[in-house]
A.B. asks: 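Here it is, the structure in full.
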Amino acid sequence: MPQLHFDDGDGTLEMLRDSVAALAAHHPGAASLRARREAGADMDRELWGAMAEAGWTGLMLSEALGGSGLGPREQAVLSEALGRALICEPVAGSAVFLSTLFNGAPDNAEGARLASGLADGSLIVARAWRNGTVQARADGDGFTLSGAVAHVDQAQGATDFLVMGQCEGGPAFFSVPAGISGLGLDLQRSVDGALLGTLRLDGCHVPATGLVIGPDICAPLLERAVAATRLALAAELAGIAAQALQATIDYTTTRIQFGKPIASFQAIQHRLVDMWSDAELAFAAVNNAVEEAEAGEGRAAALAILAAKARAGDAAVSICRRAVHLHGAMGFTDECDIGLFLKRAISLNAMLGQPEELRLAFVNLERAA
Amino acid sequence: MPQLHFDDGDGTLEMLRDSVAALAAHHPGAASLRARREAGADMDRELWGAMAEAGWTGLMLSEALGGSGLGPREQAVLSEALGRALICEPVAGSAVFLSTLFNGAPDNAEGARLASGLADGSLIVARAWRNGTVQARADGDGFTLSGAVAHVDQAQGATDFLVMGQCEGGPAFFSVPAGISGLGLDLQRSVDGALLGTLRLDGCHVPATGLVIGPDICAPLLERAVAATRLALAAELAGIAAQALQATIDYTTTRIQFGKPIASFQAIQHRLVDMWSDAELAFAAVNNAVEEAEAGEGRAAALAILAAKARAGDAAVSICRRAVHLHGAMGFTDECDIGLFLKRAISLNAMLGQPEELRLAFVNLERAA
Amino acid sequence: MATDWNAVSDDDFRQAFARLVEDCCPPELRFMRKQRPTFDEVAVFYHGLAEAGWLAPTWPVEHGGMGLGPAKHMIYVEEWGRLGGPRIPDHGIGLVGPLLIEHGTEEQKAFHLPRILSGEHVWCQGYSEPNAGSDLASLRTAAVRDGDAFVVNGQKIWTTLAHCANWIFVLVRTSRDEKVRQKGITVLLVDMRSPGVRVRPIANLRGETDFCEVFFDDVRVPAENVVGEIDQGWTVAKSVLGHERIFLGAPTRPEIAMERLEKLARARGAFDDPAFLSRYAKLRLDLYDLGSAFERHARILREGGELGADVSMLKIFTTELYQRITEETLALAGEDARLFDDIATGNDRVDAMNLFLDARAPAIFGGSNEIQRNILAKAVLRLPS
Amino acid sequence: MATDWNAVSDDDFRQAFARLVEDCCPPELRFMRKQRPTFDEVAVFYHGLAEAGWLAPTWPVEHGGMGLGPAKHMIYVEEWGRLGGPRIPDHGIGLVGPLLIEHGTEEQKAFHLPRILSGEHVWCQGYSEPNAGSDLASLRTAAVRDGDAFVVNGQKIWTTLAHCANWIFVLVRTSRDEKVRQKGITVLLVDMRSPGVRVRPIANLRGETDFCEVFFDDVRVPAENVVGEIDQGWTVAKSVLGHERIFLGAPTRPEIAMERLEKLARARGAFDDPAFLSRYAKLRLDLYDLGSAFERHARILREGGELGADVSMLKIFTTELYQRITEETLALAGEDARLFDDIATGNDRVDAMNLFLDARAPAIFGGSNEIQRNILAKAVLRLPS
């Protein structure tokens, strides 16, 4: 059945898969999601702590900053396993994104503090840089930030925000402690059971030391972080697709109608084969993107990552849609997990570019050459 | 099974269907197509004569001009039957288009001569007005035409051409006898077994009496003729779709594999149901367009005709594609008729706008309101 | 003397209905987001219709209905949708009434019909069971004769609004002769306040509670609550489907979804993007042509004909189109597709996720689209087994 | 002493092949439009490869082959496509050779292998019959023992290039035991110049004659022409499929079709139309991801593994993608989609219809995509019957 295939010389990948399985045994993904949703929370702090302890929040963070310094291959395998287990804490959008930024940022105390808190789970660093604009005006001893950013994960539970503000020299990232004066937060429910924040900054003052990534390097670093995040999202989506497929095979094989398992009907079989084939293609795309990313950060890697996120997103959503349908009336209930997979797939698919946008970026990049 | 449904008070529609069946018994469509293709001809003059005798080339032509003066309903039923019988002489592109033009043209001897020849089959009036441009320059006693027009049906066998030329006052239609000085013709093979001409006019002189439709009324008249032709094409495409479906049901019901007719396999059954459903939708669209056209020439009719041609074209091509596939290796042979249906569907679908173009015209017209 | 509504012109009929809705349906109940409001939520409208004599369009006049033929009934349903009337718990009006009028005893009619009209009895329908969904013939809820009553044991599922109903009509197995699986089934009317009836609501993907499980544990049901003949329940139940099957294929839901897609597209300026316009055009034409196809079948009814099995084509197409439109809406939403809550569009909101999730249901309920295709293959295309 | 090509670096291998093609393949044979040229049309290339020792890449060196392992063979096939080498009648090289090398007698090998290399014997393959297409086990062409020979009666169909071949290897029924339908089948080598063999070419949708019917009317075939064991032909025939199955799923044809679509799109300025670009992007990414999927399976081979049943997924995807690209090309062609002849694009031409029609075939031949899905359902997804 579909999964990522990599050479696993020292057994790291196997270990990662095992550790996700072990954690999921104590914190089953679907149950965590339901509890979080029930509680009207935006994260499960205990689960996040366990994930940090397992080393997942700092997997790609350099060892100098307190992380494990591993690469796209290990991250992809971890993300795939998280997708399968429906563990919804935002590893891609948080750990991968932040680690890539911090790895590339110049030495600075505030960045190091945030990185270390990310790795050990002591800080929740919410990212506010997309779906809105923040102006950063230099004042005497620092910066004043004003603006609003929507769709911020972990905003309610955040200890700190990493906010992208537009300076004179271009965009830059600022560390903004939660609870400072001028910060406001509106919350909406996300489809995968968390809360999404709209962060409002009304003249928030940040000291000069709060400039974690300056405008001189912000743009290329952001591009790198987006690429790494997309790749992790793609792997997670592929994992979701694979598990939704497996659940559907299991359900249709045991669901009896007209005296036979419904998976014995040819129309259902062909549908399942097409779902499987879509999942295989998604894994092939992610595999390829990981290999291209390991080979370098050039155009080939950029293309491969765009393709992988588009493919895995499309595959996960459409496989989950068909999976819900093949679960019959049961699939339409909230108590059946398959609907949670669909909702999670929709949410990740919508992050950092839906498939159509990514495909257009691909052909534009390819044709620009 | 799918077909057009109309009230048939006086039995005209039934009579039309019977007359196509009778003619098809003597001139089976597939055989005619193969013979025409083999001969490297662009039409079957004998078949065309028989069709004129049956009254089909002048069905919509006013009685004053020698036709039957019937309407969209009768034409749609005739075209549907022609599609089913795979009778490929260009009734829509020729008879319907020309009849609509002549019906609306002011009294003039040359127009009347062409109309009469169309109705009785004595003239072959090829249309050259699209896929190219012809300039018409008024000279002392008439006009000089220069330019080229591609994809002209019946160009090789034409006795006359009706050419659209750009005058000072706008487009106009001119009668150009075949064989006059300055006329040239290149031929290409069409997918449905005829020849398509590229007509080149190099300073062809036409007398003033050759101006059949002047620039004062040409544009609205052309719009009306295009709409009528599209509607007839839609009906013909729906007929093709229905017959291709029927042939596929017949084939899959008799074709035995693994000890059973392949139409007993659920995957094949569902495919056939989807094909049937597509055909039903095509007939519903044509039915609706005929009724709207009968109710008036306004925006509602224009929308309905755009929808019908788009739907029937898509349905016919995609049903025929699946039909060829379901005929297995046999469907890939030239000796099996199903491939001819596919080719004919492609050709008619490509005439006067492929589905995408028509759909965009629909939404633009609708949204302009 | 009651109006013969069938003799009234279509326009007058429409206007009369429009006035009535203005009068008795409060604005907050019109164009409700909720697909399945409870009886209490819409009671004022229910009673208003009842008082005006418009609650039971297809019931005969002598039973308090309007006695509409299919043609006027089609208009009734169309106008309801156009005017934004909320869905009312309609199993009593739509199913139990016709069932009793056709198969009920005089006593059953006299007792139940007025109580449906008054809203005293709110009905739900117990057909499906955990192991009898598409395959209804394999149902196992059993009723065993015991003196002047039947004792019912078993479980029903996907029982719409059972938690708000006080009566249920159930299909129960009364004979174990397995040779003819569709025989041996009986229709029974059960007062849900009887001892041994238990209801468990089930939340759906949208987080709402449209349907329930209903458990029967030694529930005694008087024998006079059998409808029609014992062991002939299959035939009895099927007889009331009638022309109402066409409404499963009505374009209502894709129309609602299309309105939302257009609203979001306008808010996002998407109509200026030719790539979106191309995808939109395809969906728009699908909806337009569905209207033409629906009209063809509706006309048959209007002209006094009967629906063939081919009407299922509408059900398949409309439910799949509904899905496709809601999927395009999520695609257009970009990162807002992460929201479970509605998407803000200027001063308005678009319930993109609500409709996307709702669209999962109609392709399953009322006979899954796979079952519909099986039926069409046999009954219309006459394909071999 | 022959070169050990497996030991040569991939780059050197590619360069050697490129030089060879430059030397022995005339320009007019490269990037041919015709899918299936006859032996005569491409004989010069065939003989050129043979003389250089490059004709039979997978045969062992002792039989005149190159002895390539799967890794180098993959490169060989890739380069052939990249260099635009014409397809040669390859049933002798690709199927008969491996069949005889694995199952043939010493006499069979000594007689046939050199004649394949020399081009003296041109082979075709007789598997399918009119009533045994997907269901090969039901084949009926029969061989009855008569002294030192078999007498063959029956008919084969879809026999590629039979009208240009002089030998055919056929699956024939040698036992009527219906209990095990795949038993009782034998592989037989038949000289097509034997009395009683008749060939009828069949034109295809493109108007070309790729395949034929072959009739056997009391054809006497020496008993020594049996390959492998009698009645074990099914196993014998299947054994030579091996890793070459992967080529059914190679992205070659969609790549060709994509090149044509891009050429037409450039000529029409379609890349400036966002609606086209959106559809193009979908196809382009399908092709790109197919490449990634193909690479995954190819790597398994390169690393010495064996293909699983899951490789069929490539066959389905590549053949359906091939169709979709050619369909988009016709849509882009506008009214030019009426042409059977190629479409002019400035100084060049695009064979839109040729490819569209050709794309009908691969989804059928080599096991229809429905059969492939059946196999995947069982062999990979392990779904119940």
Side-chain angles (χ1 to χ4, degrees), chain A residues 1-2 4-5 7 245-246 248-250 252-254 256 260-292 303-304 306-312 314-315 355-364 366-367, chain D residues 249 251 258 262 265-266 270-272 274-300 303 305 308-321 368-385:
Chain A
M1 296 303 289
L4 290 175
H5 291 306
D7 187 47
L245 169 66
Q246 188 60 56
T248 309
I249 290 173
D250 294 346
T252 55
T253 301
T254 49
I256 309 289
K260 289 161 52 172
I262 62 174
S264 68
F265 292 102
Q266 194 187 30
I268 307 291
Q269 292 194 343
H270 284 200
R271 193 94 66 100
L272 289 166
V273 166
D274 288 342
M275 290 161 69
W276 166 81
S277 172
D278 289 346
E280 283 284 332
L281 218 55
F283 278 99
V286 176
N287 239 100
N288 174 61
V290 169
E291 285 161 17
E292 291 288 4
L303 288 173
L306 290 167
K309 170 71 166 60
R311 173 69 53 185
D314 256 346
E356 171 79 0
E357 180 186 339
L358 302 171
R359 284 192 298 263
L360 291 175
F362 180 105
V363 294
N364 285 329
E366 188 177 58
R367 292 176 51 73
Chain D
M258 182 59 85
E262 289 169 347
R266 278 193 302 273
F271 283 118
D272 298 330
F276 172 77
L277 196 68
S278 164
R279 293 189 293 272
Y280 166 77
K282 195 143 190 354
L283 296 170
R284 178 67 193 91
L285 273 283
D286 281 347
L287 183 57
Y288 179 86
D289 292 339
L290 171 63
S292 300
F294 182 78
E295 174 59 22
R296 274 184 131 198
H297 291 271
R299 183 176 300 175
I300 293 172
E303 293 172 354
D310 58 347
V311 74
S312 292
M313 166 244 171
L314 296 176
K315 196 268 184 186
I316 295 173
F317 195 79
T318 196
T319 57
E320 293 178 0
L321 177 58
S368 77
N369 287 4
E370 286 70 34
I371 296 293
Q372 306 284 353
R373 286 185 170 90
N374 286 348
I375 292 171
L376 289 166
K378 296 285 176 246
V380 177
L381 273 61
R382 312 250 171 234
L383 301 180
S385 327

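Numbered from 1 within each chain, the chains take letters A, B, ... in sequence-line order.
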A.B. asks: By a 4.5 Å heavy-atom criterion (distance strictly below it), what part of Lys282(D) contacts chain A: side chain, backbone, both, or neither?
C.D. replies: both

A.B. asks: For Phe265(A), is it the side chain, the backbone, both or neither that has a heavy atom under 4.5 Å from a heavy atom of chain D?
C.D. replies: neither

A.B. asks: Give a yes or no answer on whether the side chain of Thr318(D) reaches the backbone of Leu314(D) with a donor-acceptor pair at less than 3.5 Å.
C.D. replies: no

A.B. asks: So which part of Glu370(D) gets closer than 4.5 Å to some heavy atom of chain A, the side chain, the backbone, both or neither?
C.D. replies: both

A.B. asks: Measuring from atom CD1 of Ile268(A) to atom CE of Met275(A), what distance do you get when rounded to the nearest 0.5 angstrom?
C.D. replies: 10.0 Å

A.B. asks: Chain D: which of Met1(A), Lys260(A), Glu366(A) shares the most heavy-atom pairs with it under 4.5 Å?
C.D. replies: Glu366(A)

A.B. asks: If you count heavy-atom pairs within less than 4.5 Å of chain D, which of His5(A), Glu280(A), Gln266(A) leads?
C.D. replies: His5(A)

A.B. asks: Below 4.0 angstrom, N of the basic side chain to O of the carboxylate: do Asp314(A) and Arg359(A) qualify?
C.D. replies: yes

A.B. asks: Under a 3.5 Å threshold, yes or no: a donor from one side chain and an acceptor from the other, between Asn369(D) and Glu320(D)?
C.D. replies: yes

A.B. asks: Examine distances only and state if a side-chain atom of Glu357(A) and a backbone atom of Ala310(A) form a donor-acceptor pair shorter than 3.5 Å.
C.D. replies: no

A.B. asks: Given a strict heavy-atom distance threshold of 4.5 Å, which part of Tyr280(D) is in contact with chain A: side chain, backbone, both, or neither?
C.D. replies: side chain

A.B. asks: Look at Glu295(D), Arg284(D), Arg296(D) and state which one has the largest set of heavy-atom pairs under 4.5 Å with chain A.
C.D. replies: Arg296(D)

A.B. asks: What's the spacing between Leu277(D) CG and Asn364(A) CG if we round to 0.5 Å?
C.D. replies: 6.0 Å

A.B. asks: Can you tell me which portion of Ser385(D) sits under 4.5 Å from chain A's heavy atoms? Options are side chain, backbone, both or neither.
C.D. replies: backbone

A.B. asks: Using non-hydrogen atoms only, which part of Gln246(A) is less than 4.5 Å away from chain D: side chain, backbone, both, or neither?
C.D. replies: neither

A.B. asks: For Ala304(A), is it the side chain, the backbone, both or neither that has a heavy atom under 4.5 Å from a heavy atom of chain D?
C.D. replies: both

A.B. asks: Charged N to carboxylate O under 4.0 angstrom, Asp278(A) versus Arg311(A)?
C.D. replies: no

A.B. asks: Please flag which part of Arg299(D) lies under 4.5 Å from any non-hydrogen atom of chain A: side chain, backbone, both or neither.
C.D. replies: side chain

A.B. asks: Please look at Val273(A) and chain D and tell me whether the side chain, the backbone, both or neither of the residue comes under 4.5 angstrom of a heavy atom of that chain.
C.D. replies: both

A.B. asks: Thr319(D) side chain to Lys315(D) main-chain N or O, any donor-acceptor pair under 3.5 Å?
C.D. replies: yes

